[in-house]
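Some notes on the structure that comes next.
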Amino acid sequence: MSQPAQPGREPVVTPVRVVIGLCLVAPFVAMLWVGSYAKTDPAFIGIPFFYWYQMAWVLISTALTMTAYKLWQRDQRARKGGAAK
């Protein structure tokens, strides 16, 4: 059971932190579920699906990690009482 937040303390699990966690877990789930991309079709500019799917996740993972980092920075500023950008 979750306990109510104590006066003067913010909860540890917040919606922003859940989004951060999802951003960081999504690439692992996508790459560990090999059965979803262990095929050759559809090919993209002659590259089998198996390879271009993994390379696409390199770019997607970069974007998700950058998003998680920016959200974390904003969350930390808000917790310290600073102005969030």
Side-chain angles (χ1 to χ4, degrees):
M1 272 191 185
S2 68
Q3 297 176 349
Q6 297 174 357
R9 287 189 71 181
E10 296 189 32
V12 176
V13 178
T14 62
V16 171
R17 289 185 175 192
V18 171
V19 170
I20 290 168
L22 291 173
C23 285
L24 296 174
V25 168
F28 288 102
V29 172
M31 291 291 91
L32 289 174
W33 186 20
V34 178
S36 69
Y37 63 92
K39 52 190 172 186
T40 57
D41 289 325
F44 176 69
I45 61 171
I47 302 170
F49 180 74
F50 181 80
Y51 295 112
W52 70 257
Y53 177 83
Q54 292 178 64
M55 291 308 297
W57 270 101
V58 170
L59 300 174
I60 295 166
S61 297
T62 302
L64 289 173
T65 302
M66 188 170 48
T67 301
Y69 179 69
K70 292 296 184 182
L71 288 172
W72 180 257
Q73 282 184 323
R74 187 167 53 167
D75 182 60
Q76 292 304 299
R77 275 195 305 270
R79 284 179 177 270
K80 290 179 183 174
K85 287 186 180 180

Problem - Joint hydrophobic cluster, Val25 plus Met31, side-chain heavy atoms closer than 4.5 Å - result: no
Exercise for the section: To the nearest 0.5 Å, tell me how far Thr40 OG1 sits from Tyr51 OH. Expected result: 10.5 Å
Problem - Trace of the side chain to side chain contact (heavy atoms under 4.5 Å, CB included) decision for Arg74 with Lys70 - result: CA-CA 6 Å; Arg74 187 167 53 167; Lys70 292 296 184 182; over 6 Å; no
Exercise for the section: Is it possible for you to say whether Trp33 and Phe50 belong to one hydrophobic cluster, with membership spreading through side-chain heavy-atom contacts below 4.5 Å? Expected result: no
Practice task
Under the side-chain hydrogen bond (donor to acceptor under 3.5 Å, both in side chains) rule, collect the residues that match up with Trp52, sequence neighbours excluded.
Solution key: none
Handout entry: Side chains of Ile47 and Tyr53 in contact at under 4.5 Å (non-hydrogen atoms)
Key = no
Problem - Hphob cluster co-occupancy, Leu59 + Ile45, side-chain heavy atoms under 4.5 angstrom - result: no
Problem - Worked verdict on Trp72 versus Leu24 for side chain to side chain contact (heavy atoms under 4.5 Å, CB included) - result: CA-CA 12 Å; Trp72 180 257; Leu24 296 174; over 6 Å; no
Problem - Contact summary for Arg79 and Val12, nearest pair of heavy atoms - result: NH2-O, 4.0 Å
Handout entry: Non-hydrogen atoms of Asp75 and Arg17 that approach each other most closely
Key = OD2-NE, 3.0 Å
Handout entry: Tyr37 and Phe49, any side-chain heavy atoms less than 4.5 Å apart
Key = yes
Exercise for the section: Would you check if the side chain of Thr65 reaches a backbone N or O of Thr62 as a donor-acceptor pair within less than 3.5 Å? Expected result: no
Exercise for the section: Could you tell me which non-hydrogen atom of Cys23 sits nearest to which non-hydrogen atom of Ala68, and how far apart they are? Expected result: CB-CB, 4.0 Å
Handout entry: Check: Pro27 and Ile60 side chains under 4.5 Å, non-hydrogen atoms
Key = no
